[in-house]
Visitor: 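Quick one: this structure, given as structure tokens, is what I'll be asking you about.
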Amino acid sequence: MKVAAKWHDRWQRLSASPYFAYVLVAPLAVVLWGYVVQPMLATFLTSIRDDSGITLRYYEGFLSFRMTTQMEALLTTLGISVLSVITCAVVGVGMAFLLNRFEFPGRRLLESLALVPMALPPLIGVYAFMFLYSSSGIIPRAIKVLFDLPQVPFALKGLTGVLVVHTFTMYPYFYTAAAAALAGFDPSLEEAALNLGARRWQVWTRVILPMLTPALVSGSLLTFMVSMASYTAPLIFGVDRTMTMQIAIARTNGNLPLASAEATILSVVSIAFLILMRWYQNRRTYRSLSKGVSVHRTEVKSPVGRILAMVGAVLGTLVLILPIITLALISLSKDGTWTVQVLPPKYTLENYVNLFNDPRAWRPIKNSLQMSGIATAGSIVLGVAAAYALNRLKFTGKSLLDMAVMLPWALPGTVVGINLIAAFNQPSAFSFGQVLVGTFWILPLAYFVRFSPLVFRSSNAALAHLDPSVEEAARSLGAGWWYAFRRVTFPLMFRGVLAGALLAFVQGVGEFVASVLIYTARNQPISVEINNLMYSFKFGTAAAYGMLQILLILLVLFISRRLDQRENLA
């Protein structure tokens with residue numbers, strides 16, 4: 001008892017010390033250095049070394065400014081990302097404005113379905129579009145048969161296919177941000193501008209869009225980053241001159257220095273865009289000084305307008321749910337029977353039965369759940385600790401810690417994979433003297449690095465809304481730091497932590513880009529198994545795996561929404 005009391009007194013004195021913040025921050029700094037910063041440096045060092053010593057020959061394709069394969073891949077990637085931002089902004093902001101400013105038949109249905117694309121994992125979402133709109137897809141084949149055409153009238157392929165998939169799957173980044181901004185927009189600002197003689201387009205450009213700038217920057221950041229990291233869409237639609245494809249090709253060919261150089265360039269571009277957008281957002285203050293009356297929806301009263309709105313709502317609903325309906329249909333098809341027919345000719349429930357009864361079919365599911373669970377547990381510890389340190393502690397280097405925590409969010413999955421290969425293909429202190437490449441643990445580590453920012457952002461937002469005086473009151477009543485955090489602070493921020501953890505978990509279950517570079521036969525995840533089954537023409541089983549992922553994501557979205565509703569009621 002005396003020993004315990006002695007240690008308790010020492011801990012109390014330490015927690016009251018001005019240096020206590022550094023005691024808490026030091027482990028965070030070590031983890032971020034060892035698994036985020038140091039792997040990036042290892043990748044860069046790998047890219048400038050060969051048998052002769054230091055060299056820049058792997059950067060010649062970029063530094064020469066000639067149209068080499070590397071330069072073409074970089075320009076193509078930048079072009080796709082910029083175009084994706086533009087198309088997603090048009091669709092996302094347009095849909096947010098339509099659903100938040102007008103009342104028409106079918107609006108509520110469209111509003112509830114607007115986030116459906118978020119339920120599609122990147123890999124299975126691309127395959128859904130291939131099943132629907134490629135040259136062998138259901139819709140082109142159906143039109144060909146219906147009108148007795150010699151060939152399909154259209155087909156998604158190449159850059160067009162990539163852009164269409166990006167637009168459909170990424171517009172929710174703009175939609176969610178713009179919808180939240182428009183919901184709190186004061187209509188008196190718009191009315192005042194109109195009363196002063198402004199035209200409608202001037203109201204849009206001088207009033208509405210400037211107030212939407214934070215939402216547009218947020219959507220642009222997410223869309224640009226995800227588009228830069230896109231690997232599946234270029235892979236499926238045959239666009240091999242992108243940075244992610246070139247990194248994967250170089251890695252597959254065993255040319256790790258070239259892959260490292262390409263990963264370094266991609267990292268620099270992504271981080272530069274992140275800094276540029278944050279600088280642009282911070283140039284001005286975007287805050288309304290009005291009374292804060294929320295906007296009211298205008299009812300569409302014109303008979304023609306209502307008919308057009310109903311038709312548009314029906315078409316929009318079909319477009320949004322058709323990919324999932326298609327996957328559900330194909331998941332019931334018998335493997336190997338769907339060749340040239342418009343729809344699969346034979347159906348069975350064996351695809352789902354085998355997933356749970358066949359040990360070989362169950363193994364990828366088990367691997368993904370297990371690895372994502374391990375990564376999520378680590379992400380919770382890192383995310384909560386980083387959020388607490390940045391919100392509650394005073395220490396030198398806070399901005400560096402903030403940047404280091406969010407840095408993996410700016411890195412494409414291929415870059416994270418190459419970073420881990422470069423850092424852990426030999427024993428190190430951070431791998432506990434083991435070679436991690438080729439082991440089970442490399443994928444959980446990749447998921448931890450990639451998705452920790454999700455838990456951090458959610459935890460940080462939850463903690464930022466808590467009054468520090470609550471914890472201070474507990475401390476003033478004699479509670480120690482750990483007791484106050486465990487019994488007061490953490491329970492109050494738990495909903496935010498849980499929301500981020502659930503999102504990180506499902507992202508890990510569906511992750512493909514980094515997984516395809518570093519998986520082994522022992523830890524093969526669901527996404528890689530789906531890809532392998534597709535190339536083996538086992539569409540039914542692949543779609544069944546995909547439907548499991550979709551159901552899991554829908555469950556997480558439902559839980560997250562319920563948590564938000566309870567928090568708003570509270």
Visitor: Identify each donor-acceptor pair in which a side-chain atom of residues 154-165 lies under 3.5 Å from a protein atom, sequence neighbours left out, and give them as a table.
Guide:
none

Visitor: Apply side chain to side chain contact (heavy atoms under 4.5 Å, CB included) to Leu216 and list each qualifying residue two or more places apart in sequence or on a separate chain.
Guide: Val93, Phe174, Leu209, Leu212
Visitor: For the residue pair Ser452 / Ser379, report whether a side-chain donor-acceptor contact shorter than 3.5 Å exists.
Guide: yes
Visitor: Mind checking whether Leu221 and Tyr173 have side chains closer than 4.5 Å, heavy atoms only?
Guide: no
Visitor: Decide whether Thr87 and Tyr171 meet the rule of one side-chain donor and one side-chain acceptor closer than 3.5 Å.
Guide: no
Visitor: Test side-chain contact (heavy atoms from CB on, under 4.5 Å) on Phe129 and Ile236 and set out the steps.
Guide: CA-CA 10 Å; Phe129 270 77; Ile236 303 304; over 6 Å; no
Visitor: Using modelled atom types and a 3.5 Å cut-off, is there a donor and acceptor pairing between side-chain atoms of Ser227 and backbone atoms of Ser84?
Guide: no
Visitor: Would you call Phe456 and Val497 a side-chain contact if the rule is heavy atoms closer than 4.5 Å?
Guide: no
Visitor: Is the backbone of Ala514 close enough, under 3.5 Å, to the side chain of Glu511 for a donor and an acceptor to pair up by distance?
Guide: yes
Visitor: Would you check, one step at a time, whether the test side-chain contact (heavy atoms from CB on, under 4.5 Å) holds for Leu382 with Phe448?
Guide: CA-CA 9 Å; Leu382 178 65; Phe448 164 75; 3.7 Å; yes
Visitor: Tell me whether Asn391 contacts the main-chain N or O of Ala387 through its side chain, where contact means a donor paired with an acceptor under 3.5 Å.
Guide: yes
Visitor: Which pair of heavy atoms, one from Arg450 and one from Val513, lies closest together, and at what distance?
Guide: NH1-CB, 4.4 Å
Visitor: Which heavy-atom pair separates Ser458 from Ala499 by the least distance, and what is that distance?
Guide: OG-CB, 3.9 Å
Visitor: How about Met403: does its CE atom have over 12 heavy atoms from other parts shown lying under 6.0 Å from it?
Guide: no
Visitor: Set out, in order, the CA-CA distance, both residues' side-chain angles and the distance that settles side chain to side chain donor-acceptor pair (under 3.5 Å) for Ser515 and Tyr447, then state yes or no.
Guide: CA-CA 9 Å; Ser515 301; Tyr447 299 165; 2.8 Å; yes
Visitor: Only pairs at least two apart or in different chains count here, so list each salt bridge (charged side-chain N to carboxylate O under 4.0 Å, His left out) that has a residue in residues 218-245.
Guide: Glu72-Arg241
Visitor: Using every non-hydrogen atom in the two residues, find where Ala248 and Leu517 come nearest and quote the distance to one decimal.
Guide: CA-CD2, 3.9 Å
Visitor: Any idea which heavy atoms bring Glu262 and Met243 closest together, and the distance?
Guide: O-CE, 3.2 Å
Visitor: Without hydrogens or angle criteria, can the side chains of Tyr59 and Ser47 be said to hold a donor-acceptor pair below 3.5 Å?
Guide: yes
Visitor: Keeping Thr77 on the side-chain end and Ala73 on the backbone end, is there a donor-acceptor pair under 3.5 Å?
Guide: yes
Visitor: Indicate yes or no for a side-chain donor-acceptor contact from Ser260 to the backbone of Phe44 under 3.5 Å, with no hydrogens or angles considered.
Guide: no
Visitor: How close do Leu411 and Met40 get, heavy atom to heavy atom, and via which atoms?
Guide: CD1-SD, 3.9 Å
Visitor: Flag the pair Leu110 / Leu320 as yes when at least one side-chain heavy-atom distance between them is below 4.5 Å, and no otherwise.
Guide: yes
Visitor: Evaluate the criterion side-chain contact (heavy atoms from CB on, under 4.5 Å) for residue pair Met71 and Leu75; output intermediate values, then yes/no.
Guide: CA-CA 6 Å; Met71 182 58 72; Leu75 293 177; 4.1 Å; yes
Visitor: Between Leu123, Leu120, Ile526, which is the residue that forms a side-chain contact (heavy atoms from CB on, under 4.5 Å) with Gln549?
Guide: Ile526
Visitor: Of all the heavy-atom pairs spanning Ile550 and Pro121, show the shortest one and how long it is.
Guide: CG1-CD, 3.9 Å
Visitor: Side chains of His166 and Leu83: closer than 4.5 Å at any heavy-atom pair?
Guide: no
